[in-house]
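Just so it is clear: chains get the letters A, B, ... in the order the sequence lines come, proteins before strands, and each one is counted from 1.
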Amino acid sequence: MSLLSNDLLAGMNPPQREAVEYRGPALLIVAGAGSGKTRVLTHRIAGLIQNREAWPSQILAITFTNKAAAEMRERVEQLIGQASRGMWISTFHSACVRILRSEAERFGFTKAFTIYDSGDSKALIKRLVKQHEADSYGLTVSSVMGRISKLKNELADAESFARQANMSDPVERVFLEIFASYEREMRRANAFDFDDLIAQTVFLFRSFPEVADTYRRRFRHILVDEYQDTNHAQYALIHELTRPIEDRIAANDRSPAMLLPVMDAASLTVVGDSDQSIYAFRGADIRNISEFERDFPGAKVVLLEQNYRSTQNILSAANAVIGNNFDRLEKHLFTTAGDGQKITGFTGYSQHDEARFVAEEIEDLHRQGMAYGDIAVFYRTNSQTRALEELLIRSAIPYRVLGGTKFYERAEIKDAMAYLTSLANPYDPIAWSRLLGAPKRGIGPMAEAHLAMFQEAQGISFHEAMRRADEIGFGPKVRGAILELGGLLERAMRMALGGGGADAEGQEKRPAPVAEVLKLILDETEMIEKLRAKRDPQDEARAENLEELVSVAREFDVRNPGAGLLEFLTEVSLVAAADELDDRSGTVSLMTLHTAKGLEFPAVFITGVEEGLLPHQMSVDEVGGVNEERRLMYVGITRARQRLFITLASTRASYGDIGVALPSRFLQEIPDHLIDWRQSPGEVTSRGGTESRALNAPRGEGGRYGGRPSRPSGRAESSVAFGRGGASSGSAALAEPASGGMQSALDTWRERKRLAKEAQAAGGGFPNMVGASIRDNGDLELAPGDRIRHEDYGEGRVTGITGEGSKRVAHAVFDSVGERKLLVKLSPIKKI
DNA sequence: CCAGGGGCGTTTTTT
DNA sequence: ACGCCCCTGG
């Protein structure tokens with residue numbers, strides 16, 4: 001008795017159907033990795049609309065990243081078209097911003113509040129730590145920040161904290177003072193930090209039940225994705241929204257019995273997988289999902305266990321690893337896709353050796369017809385990207401790094417954004433203080449302090465304080481600079497508020513496009529010109545970043561006609577690492593295991609699978625830390641569709657010096673027969689490694705890795721080249737790339753990376769990664785038939801040349817490793 | 001007030 | 001090894 005039209009249920013397995021069709025107050029979908037949960041969610045939403053069970057405006061679907069929200073919106077749109085308009089499909093944070101923007105005035109903020117990113121919060125906390133001389137109590141900026149964040153995620157504020165804190169401890173007292181000042185300053189600045197967005201929305205609902213009721217009345221169907229990652233504040237928010245609406249007039253009778261429900265609670269659907277909970281460190285509470293049935297009595301639970309993504313070998317490895325977490329609900333992922341290929345394992349001597357293997361395997365996959373965009377490389381920590389990038393550049397493999405230093409965190413971008421932020425919220429001291437010094441214009445800390453004092457005493461905005469600089473008494477030079485800047489802000493403000501230049505008859509009150517406001521600021525401050533005038537080559541890239549920001553603003557204006565600064569600032573504040581993925585066409589994706597969650601790729605490399613790195617050293621001492629790391633490994637494995645590579649190194653440089661690395665315990669949890677070792681950990685040490693085997697041997701069942709002959713594989717001989725091949729110039733040379741003849745021509749790593757970036761931005765296509773300024777192999781003449789010597793591969797013959805100038809690529813066949821593609825300009829090659 | 005150099009802390013993961 | 005912060009000298 002299907003309620004739904006067949007096309008919404010076509011091709012679904014029975015539990016999937018049930019998850020789409022079930023109707024009731026609460027539904028928990030336990031969705032194993034790759035079990036089609038997004039499909040289930042989108043079809044469930046489409047069903048509600050198609051069946052006329054709900055209006056689009058009654059639907060609230062919540063995800064963790066903008067990327068996931070965008071994908072869900074797109075897929076719902078594919079199913080029901082225009083009817084999807086009016087739904088809220090967004091992240092927790094953007095949904096809360098939307099609510100707060102319209103309700104902020106009720107509790108002392110304005111709708112133009114600023115959203116502080118962690119850098120902004122840090123700047124403020126830093127100031128407070130200094131003011132309270134908290135470092136003498138052992139309080140650091142990051143510890144204070146972490147603690148405040150944690151408290152907010154638990155919905156504590158300074159007041160509630162004070163009630164239960166141990167006030168006889170002076171450290172606690174100082175911390176409390178800082179916490180309280182932080183709250184005061186945020187209020188004065190008209191700003192919220194990331195954690196506030198959620199917590200303040202909960203406070204809003206609790207203090208203004210009638211406000212909460214309007215949202216309860218509106219959202220009749222609430223769906224939450226990645227429920228295992230919700231923290232307490234997010235959990236409370238969902239709870240507030242799913243309360244029944246009560247009759248408040250009756251409640252005024254002081255008789256609780258008169259609190260009659262007048263409207264049922266909204267229906268709640270949550271999707272999650274406790275095996276993929278990897279955000280405990282930022283307050284995610286796994287109990288939110290494991291105790292769902294207790295929280296919502298009568299809840300229906302549906303298990304999705306059939307995996308549609310990976311081969312059986314990959315799933316078996318994933319199941320084996322996660323099976324070592326004892327505190328979990330047993331799940332059995334299965335597939336009908338067949339075994340597929342084995343997992344490939346490789347152990348390098350160093351992270352460079354490991355990276356070289358990754359680069360070579362990527363090339364092999366590519367040669368076999370796999371698109372670069374179908375390949376991803378994962379790692380535990382961002383610092384691991386260096387070695388990987390170096391080898392990818394050298395091998396002329398196009399790649400992009402997701403996450404890492406984000407565009408909007410760059411200093412020059414933050415400088416420019418500070419102007420826009422300050423226009424929207426002239427009471428924000430962080431933005432204002434930032435723009436004063438960018439670019440340098442002679443307004444220093446002294447001048448800033450005087451202005452700030454004046455601003456506070458007069459109760460005016462920072463902008464007005466600047467316009468009245470005469471009343472403070474600065475030297476003529478400083479005063480001039482302040483007045484000029486104040487004038488610029490005033491003009492920009494007028495433009496942002498109403499009518500960029502439109503002055504004819506009807507005074508247009510429409511805001512000017514964001515790009516034009518930004519352009520005015522950049523032009524008048526000459527930020528770009530000043531950067532270009534400097535000698536540091538990095539500054540050219542910075543200037544380009546600012547130009548890029550203008551085009552970002554332009555795109556925004558086109559996408560959101562009539563929208564103003566506020567919308568732009570909100571969007572910029574809430575973009576996340578995984579959101580950048582859109583244009584992954586033709587490039588290999590590098591990212592942390594955390595960023596990888598929710599994504600999938602035909603081929604996946606998990607690198608650095610070593611004790612101390614995965615599991616990370618920091619986690620080993622924490623309660624439950626290793627289990628969370630194991631889930632991280634599980635997430636990584638289950639991203640792979642067909643091919644999985646697991647790599648590690650036997651030595652790894654950290655903090656500047658090199659140490660021995662041991663194979664990860666997780667590696668030993670994968671059954672032997674699933675891995676095809678190109679070079680096992682045992683082989684590395686027994687054949688030329690620098691450490692004794694005993695040091696490298698895994699604990700427990702000894703000898704698992706020891707000296708086992710590598711399996712016959714199509715490329716058995718190539719493993720020779722990776723490690724020991726041209727013994728004289730093997731990985732040792734790689735580890736010290738600056739040594740000797742050819743290598744001395746190479747510039748520093750930074751320079752190369754910068755050039756690669758420049759070229760990638762300029763030409764779009766790869767491999768045009770090298771600028772003209774670098775001195776190296778650029779003029780090396782090569783023609784088909786030439787013999788060459790490569791520092792790592794030994795001798796070979798050139799078979800062809802493609803590309804021109806600095807992006808010339810030599811195709812060569814090496815005696816030891818076979819066919820390779822090399823960027824002439826950067827590869828360690830010599831004609832012989 | 002600012003530029004450049006030396007010293008120090010850093011690397012767990014992020015909305 | 002790197003980047004950031006602080007301090008000094010101009």
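Heavy-atom nearest nucleotides on DNA chain B were determined for A:I443 and for A:M618, and the one closer to the 5' end corresponds to A:I443.
Rounded to an integer number of Å, the gap from CD of A:Q384 to C1' of B:dT13 is 12 Å. Atom P of nucleotide B:dT12 and atom CD of A:E628 are separated by 14 Å, given to the nearest angstrom. Here the C1' atom of nucleotide B:dT13 and the CZ atom of A:R630 are 17 Å apart, to the nearest Å. B:dT13 atom P lies 8 Å from atom CZ of A:F281, rounded to whole Å. Nucleotide B:dT14 holds its P atom 15 Å from the CG atom of A:N66, rounded to whole Å. The distance between atom NZ of A:K126 and atom C1' of C:dC5, rounded to the nearest whole Å, is 7 Å. Distance, A:D195 CG to B:dT15 P: 13 Å, rounded to whole Å. Rounding to whole angstrom units, CG of residue A:L593 and P of B:dT11 are separated by 18 Å.
A:K477 comes within contact range of no nucleotide atom at all, as no heavy-atom separation falls under 4.0 Å.
When distances are taken from the side chain of A:F194 to each of B:dT15, B:dT14, C:dC5, the shortest belongs to B:dT15. For A:H616, taking side-chain heavy atoms from C-beta onward, the closest of the listed nucleotides B:dT13, B:dT15, B:dT12 is B:dT12. Of the listed nucleotides (B:dT15, B:dC1, C:dC2), B:dC1 has the atom at the smallest distance from the side chain of A:M446. Of all nucleotides listed (B:dT11, B:dT13, B:dT15), B:dT15 comes nearest to the side chain of A:T65. Residue A:T592 has its side chain nearest to B:dT13 when only B:dT13, B:dT11, B:dC1 are considered. Listed candidates were B:dC2, B:dT15, B:dT11. Nearest to the side chain of A:K440 is B:dC2. Here C:dC6 is the nucleotide among B:dC2, B:dT14, C:dC6 with the atom lying nearest to any side-chain atom of A:K130.
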